[in-house]
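Since the structure comes first, as structure tokens, the remarks are kept for the end.
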Protein chains: 2
Amino acid sequence: MLDVIGQESNASFGEIEFSLPPATGPIGGTLNVQLGSGGKSFREQKVVAVTRKDQVYSILRQAIISSQLAPGEAIRKELVALQLGVSRTPVSDAINRLADEGLVEIYPQTGTFVARLRLDKIETAQFVRIALETAAIRRAAERSSAEIVQRLRDNLDRQRKAADSRDFEGFYALDEELHDMICDAAGLAGLREIAAKERSQIDRVRRLLLHYETRMVETLKEHQTIVDAIAGSSVERAAAAMEEHISKMGKMLLQLQSKRPELFAE
Amino acid sequence: MLDVIGQESNASFGEIEFSLPPATGPIGGTLNVQLGSGGKSFREQKVVAVTRKDQVYSILRQAIISSQLAPGEAIRKELVALQLGVSRTPVSDAINRLADEGLVEIYPQTGTFVARLRLDKIETAQFVRIALETAAIRRAAERSSAEIVQRLRDNLDRQRKAADSRDFEGFYALDEELHDMICDAAGLAGLREIAAKERSQIDRVRRLLLHYETRMVETLKEHQTIVDAIAGSSVERAAAAMEEHISKMGKMLLQLQSKRPELFAE
DNA sequence: AGTTAATATGTAACATGTTAGATGTTATTG
DNA sequence: CAATAACATCTAACATGTTACATATTAACT
């Protein structure tokens with residue numbers, strides 16, 4: 001299930017202030033998504049509370065991944081807190097998590113900055129991504145069902161539409177969704193979340209590359225190859241296609257570095 | 001109950017704070033690892049500050065992994081803060097990180113508990129570990145140098161000594177070190193930290209199994225096979241040995257569950 | 001002038017007070 | 001007696017005040 005939290009609050013820094021509902025607003029306080037309304041207690045069912053820090057985290061993460069907050073840019077906790085109408089605490093908590101994720105860098109007593117891109121870190125993330133997702137797709141190909149394949153093909157259809165209408169953002173979202181679905185298809189609890197987390201660095205780069213790349217059609221073809229392999233339960237072919245697909249990013253990254261060196265560290 | 005922590009010298013804190021420059025006083029007299037500082041500014045060098053929350057995190061993590069804090073046990077933040085002589089803030093921060101890592105579970109407005117073991121989560125962690133470490137060892141085997149192999153063999157020698165003297169804890173530490181070294185040998189920035197983090201769940205299980213298992217000698221043999229494969233640059237053999245090695249844990253886990261069901265969730 | 005010491009500033013780290021919500025207990029009601 | 005409502009309790013979440021420290025700036029000194 002997708003957590004659908006703070007998406008509607010369109011966060012834009014610097015100019016427009018984003019609105020998290022006022023202190024005790026509808027989303028203020030912890031609203032918990034009520035799943036099957038059994039008589040079970042909060043603790044027994046696995047309802048994850050959507051706290052303010054979670055919302056702040058989502059908003060900031062989104063802002064960073066989408067480069068609304070540029071690499072190297074300072075993040076003033078107090079200002080963010082003010083803009084979001086919350087105290088410094090949930091902002092700090094959110095930023096701590098982002099720091100663990102490698103999206104921001106905290107220099108004690110000095111400042112917090114959106115992490116610059118580092119080729120070596122990206123290389124590692126790429127490596128991890130390939131390791132995890134080729135392993136995941138192997139399992140997925142082994143246990144693929146007609147229903148899953150159908151959902152994958154539905155996704156591809158939507159990708160095709162997005163590509164036709166040059167809808168970069170939509171395509172990107174569908175791309176993510178596809179990879180998530182493949183992780184899920186591996187049938188391992190929590191794997192998608194782990195993979196998504198390790199992909200953070202790469203997501204950021206891909207979003208930056210998005211507008212340079214005329215690669216949507218090509219990417220779509222690769223996705224089709226991948227899905228076909230899963231549909232045919234061709235384990236090795238699926239893994240190879242996935243590795244090939246993920247590896248594509250490398251060269252474009254170097255282009256990006258020469259075009260926009262300020263985004264990179266070192 | 002947290003005995004390690006409240007060992008000594010909570011007194012040194014409250015009063016002398018002002019007079020002593022290293023205000024980052026030791027917590028419970030443990031782990032104040034100060035890295036030497038060069039001429040560079042804090043921000044330029046990537047010295048990670050050892051803050052109180054870092055220390056609390058290390059202490060709690062250690063306590064959890066070693067089962068000093070048992071699965072299911074409640075963690076009272078305020079009490080922990082009191083025992084460690086710090087405020088609730090760094091304790092909360094540390095616990096948040098542990099929650100991200102899956103070692104504790106926070107139920108809002110209710111309580112914080114050491115996460116119980118979940119077979120499905122452990123299975124996923126196992127999967128991730130195999131994916132990452134077999135990929136890492138492939139790279140390591142490709143780029144192995146005489147020096148690295150030497151260090152690996154040194155580690156094995158120490159493992160042998162630990163096994164001979166039935167030093168479980170020492171053996172365990174060396175085991176971790178070996179896996180860390182292999183990750184490092186892959187030559188990817190930050191890979192070791194990522195792998196270590198994903199290993200948390202498994203580390204906990206392994207520590208629990210440690211005293212049941214008479215497997216030290218067998219494990220040592222597996223390690224030797226792995227190192228030999230790296231030394232011989234036998235990429236596939238190394239990967240296979242690693243997978244075989246990591247997979248061993250599965251059956252023992254089921255034994256543990258039947259012996260100590262209270263450690264498990266569901 | 002160049003180097004070092006003093007000081008000012010801003011921020012994260014830390015401490016502590018306050019609020020809201022989850023749960024268990026007791027009272028109340030049918 | 002069972003169901004439920006009122007209440008007490010406890011805890012994480014949140015808010016805000018305070019401290020320490022990294023860094024920039026200025027002053028003092030050789």
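Throughout, a chain's letter reflects where its sequence line sits, starting with A, and its residues are numbered from 1. Being a predicted model, the structure only gives us computed values, none of them experimental.
Side-chain N/O atoms of B:Thr89 and base N/O atoms of C:dA15 include a donor-acceptor pair closer than 3.5 Å. Interface remark: the A:Gln109 side chain does form a donor-acceptor pair with the C:dA12 base, using a distance-only criterion of under 3.5 Å.
Separating the CD1 atom of B:Ile75 from the C1' atom of D:dA12 is a distance of 13 Å, rounded to the nearest angstrom. Between the CZ atom of B:Phe113 and the P atom of C:dA22 there is a distance of 14 Å, rounded to whole Å.
Considering only side-chain N and O atoms, B:Thr112 lies nowhere under 4.0 angstrom from the phosphate OP1 or OP2 of D:dT11. Within the 4.0 Å cut-off from OP1 or OP2 of D:dA22, not a single side-chain nitrogen or oxygen of A:Thr110 is found. Contact between the side-chain N/O atoms of B:Arg52 and the OP1/OP2 oxygens of C:dA15 is found at a separation under 4.0 Å. Checking the phosphate oxygens (OP1, OP2) of C:dA13, a side-chain nitrogen or oxygen of B:Lys53 falls inside 4.0 Å.
For B:Ala195, the side-chain contact (heavy atoms from CB on, under 4.5 Å) partners two or more places apart in sequence, or in a different chain, are B:Cys183.
Here the nucleotide nearest the side chain of B:Arg88, chosen from C:dT16, D:dA15, D:dA22, is C:dT16.
Taking the charged nitrogens against the carboxylate oxygens, A:Asp180 and A:Arg199 do have a contact shorter than 4.0 Å, which makes a salt bridge.
Cation-pi check for B:Arg207 over B:Tyr172 is met; the charged atom lies under 6.0 angstrom from the ring centroid and within 45 degrees of its normal.
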